[in-house]
Participant: 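If you scroll down you'll find the structure; I have some questions about it.
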Protein chains: 2
Amino acid sequence: MSVKEHIKEYKRELILDAASKLFYEKGFQKTTIDDIGAALGVTKPFIYTYFENKYSILEHLFDQAFHDLYADVIKVLNNKEGKPQDRLQRFVTVYVEKNIERQKITAIMLEEEKNLNAKKVADIRRKQREFDAKLARLIEEGVSTGVFHVSDPMIASLAISGMVRWTHRWYSPQGRLSVSELTKNLSTLALNLVGCTQN
Amino acid sequence: MSVKEHIKEYKRELILDAASKLFYEKGFQKTTIDDIGAALGVTKPFIYTYFENKYSILEHLFDQAFHDLYADVIKVLNNKEGKPQDRLQRFVTVYVEKNIERQKITAIMLEEEKNLNAKKVADIRRKQREFDAKLARLIEEGVSTGVFHVSDPMIASLAISGMVRWTHRWYSPQGRLSVSELTKNLSTLALNLVGCTQN
DNA sequence: GCTCCGATCTACCACCCGGTACATTTGCCT
DNA sequence: AGGCAAATGTACCGGGTGGTAGATCGGAGC
């Protein structure tokens with residue numbers, strides 16, 4: 001990639017950053033392209049040389065999110081080394097960390113899904129289901145080896161996801177809890193939830 | 001209340017119902033007053049005789065939601081009869097039922113909060129915090145009587161709320177689970193989560 | 001059957017905002 | 001330095017949508 005292309009890519013990132021901040025604060029529909037421009041000290045056509053239209057900014061934000069939010073988490077889920085209880089603990093830790101680290105985009109993904117086209121929504125839903133199924137399978141392993149005790153691994157999987165993803169609504173880095181205290185607490189609660197009898 | 005006023009009230013409810021359906025499907029900003037009118041086979045000025053403006057429809061929806069979503073749940077939380085584990089189980093059951101029963105409005109409350117004014121948001125946040133604190137207190141009681149085992153009741157409270165509220169994203173009445181199976185499962189998971197050692 | 005009043009509709013306005021044509025500037029290459 | 005292309009700004013358009021004024025319809029009471 002040439003220097004020029006690097007610069008172009010960097011400008012795209014700046015736009016995406018400004019947009020994600022505004023989408024998080026005001027919502028997609030209520031932020032105008034002029035708002036994004038103003039945040040960068042730039043005018044509308046600047047934005048349009050880097051993105052086809054307003055919708056495409058949101059779409060890129062979702063793509064970026066899936067890439068650097070889920071990549072690591074899925075890696076942890078796919079790593080079959082260690083006992084199920086250790087794997088679950090590692091998973092919850094990374095999942096919580098990622099959710100906090102990228103709180104804005106996490107919130108946007110939940111709140112602005114309606115503004116995506118049907119194809120993109122279907123794509124996201126599919127990835128989400130795969131993710132949930134992977135976690136369910138991990139829980140199932142723990143059940144079959146006798147360390148976890150739940151009657152329905154899929155529900156437990158969805159319960160854990162809900163527990164983790166809800167953090168974006170209440171956790172503040174300025175609050176009484178550090179991220180590591182939070183991850184420690186939530187991974188313990190997750191192990192409780194699946195009825196883990198060993199550590 | 002006179003017959004006339006009853007009819008007026010009924011028409012307001014019809015508008016709110018149509019609006020909530022559309023807000024759920026398309027989002028607040030993307031649904032027009034004409035959309036709402038069309039859904040009712042009626043024109044724009046009809047809506048405006050019952051609501052001051054578009055925003056006020058959303059506000060009434062939130063008020064209604066707090067009234068008939070939280071009223072019963074808070075009642076259960078306030079009811080101090082029985083052992084903590086029974087109370088927690090009752091709470092989760094009712095909370096899940098209400099979330100499913102009023103899935104549309106539950107989703108709207110999470111996704112459209114940005115469209116409320118600052119005062120209303122502050123009001124909602126305060127009610128939410130009170131709610132979370134009440135649940136935390138229940139968990140704390142269980143901890144102090146030795147049936148629950150969590151290090152931070154507030155986090156456990158928020159974890160349970162997340163677990164329950166997430167259902168609106170994945171539960172479908174057409175799916176494999178009945179509501180009662182769901183409530184049974186989730187209340188068990190909640191008891192696990194708080195490390196309940198008795199039943 | 002007539003009148004009056006309230007409920008609802010027709011028709012319209014005005015503004016906001018996504019998007020674009022074209023002018024202008026900037027900076028790179030020779 | 002000069003010229004050229006790419007990047008960015010100025011100025012504008014046009015559609016969509018919240019909101020409203022005044023016409024019209026319909027029913028209750030006499």
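Just so we're on the same page: letters track the sequence lines, and every chain starts at 1.
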Participant: With a 4.0 Å cut-off on heavy atoms, is B/Tyr55 in touch with a base, just the backbone sugar-phosphate, or nothing at all?
Facilitator: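 Answer is nothing: B/Tyr55 stays at 4.0 Å or more from every strand.
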Participant: To the nearest 0.5 Å, what is the distance between OG1 (A/Thr197) and NE2 (A/His149)?
Facilitator: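 These two atoms lie 4.5 Å from each other.
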Participant: Check the distance between C/dA14's P and B/Lys44's NZ and give it to me in whole angstrom.
Facilitator: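 In whole Å, C/dA14 P lies 15 Å from B/Lys44 NZ.
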Participant: Taking atom P of C/dG19 as reference, at what distance in whole Å does atom NZ of A/Lys54 sit?
Facilitator: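 After rounding, the reported distance stands at 8 Å.
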Participant: A/Thr32 has a side chain; which of C/dG18, C/dC9, C/dA21 sits nearest to it?
Facilitator: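 Closest nucleotide to the A/Thr32 side chain: C/dG18.
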Participant: With a non-hydrogen cut-off below 4.0 angstrom, is A/Thr43 in contact with a base, only sugar-phosphate, or nothing?
Facilitator: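 Touches a base.
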Participant: Taking CG from A/Asn53 and P from C/dT20, how many angstroms apart are they, rounded to a whole number?
Facilitator: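 That distance rounds to 8 Å.
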Participant: Taking the six-membered ring where the residue is Trp, are the ring centres of A/Phe46 and A/Tyr50 under 6.0 Å apart?
Facilitator: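 Aromatic pair counts; centres sit under 6.0 Å.
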Participant: Given D/dT8, C/dT8, D/dG19, identify the nucleotide with an atom nearest to the side chain of B/Tyr50.
Facilitator: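 Of all the options, the side chain of B/Tyr50 is nearest to C/dT8.
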Participant: To the nearest Å, how far apart are B/Phe46 CZ and D/dG18 P?
Facilitator: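 Taking atom P of D/dG18 as the reference, CZ of B/Phe46 is at 17 Å.
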Participant: Could you state the atom-to-atom distance from CD1 of B/Ile47 to P of D/dT17 in whole Å?
Facilitator: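 Result: 15 Å.
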Participant: Is the B/His168 ring parallel, tilted or perpendicular to the B/Trp166 ring (thresholds 30°, 60°)?
Facilitator: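 The rings of B/His168 and B/Trp166 stand perpendicular, inter-plane angle above 60°.
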Participant: Would you mind reading off the distance between A/Lys30 atom NZ and D/dG16 atom P, rounded to a whole angstrom?
Facilitator: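 Distance check: A/Lys30 NZ to D/dG16 P gives 22 Å.
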Participant: Would you classify A/Thr49 as touching base, sugar-phosphate or nothing, given that sugar-phosphate means primed atoms plus P, OP1 and OP2, and contacts are heavy atoms under 4.0 Å?
Facilitator: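 Base, at least one base atom sits under 4.0 Å.
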Participant: Base, sugar-phosphate alone, or nothing: which one does A/Tyr48 contact when heavy atoms must sit under 4.0 Å apart?
Facilitator: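 Counting heavy atoms under 4.0 Å across all strands, the contact made by A/Tyr48 includes a base.
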Participant: Quick one: are the ring centres of A/Phe131 and A/Tyr95 less than 6.0 Å apart?
Facilitator: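 Ring-ring flag for A/Phe131/A/Tyr95: true, centres closer than 6.0 Å.
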Participant: OP1, OP2 of C/dA7 versus side-chain N and O of B/Lys8: anything below 4.0 Å?
Facilitator: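 Negative; the distance criterion is not met.
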Participant: Need one value for B/Phe51: base, sugar-phosphate or nothing, where a base atom within 4.0 Å counts as base even if backbone is also close, heavy atoms only.
Facilitator: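 It contacts nothing in the nucleic acid.
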Participant: Counting only side-chain heavy atoms from C-beta out, which of C/dG18, D/dT8, C/dT8 sits nearest to B/Lys11?
Facilitator: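 Comparing C/dG18, D/dT8, C/dT8 against the side chain of B/Lys11, the answer is C/dT8.
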Participant: Under a 4.0 Å threshold between the charged nitrogen and the carboxylate oxygen, would B/Asp35 count as salt-bridged to B/Lys26?
Facilitator: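 Salt bridge present between B/Lys26 and B/Asp35.
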Participant: Between C/dG18 atom C1' and A/Leu58 atom CG, what is the distance in whole Å?
Facilitator: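 It works out to 15 Å between those atoms.
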Participant: Nearest-Å distance, CG (B/Asp34) to C1' (C/dC9)?
Facilitator: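 Spelled out: CG on B/Asp34 to C1' on C/dC9 is 12 Å.
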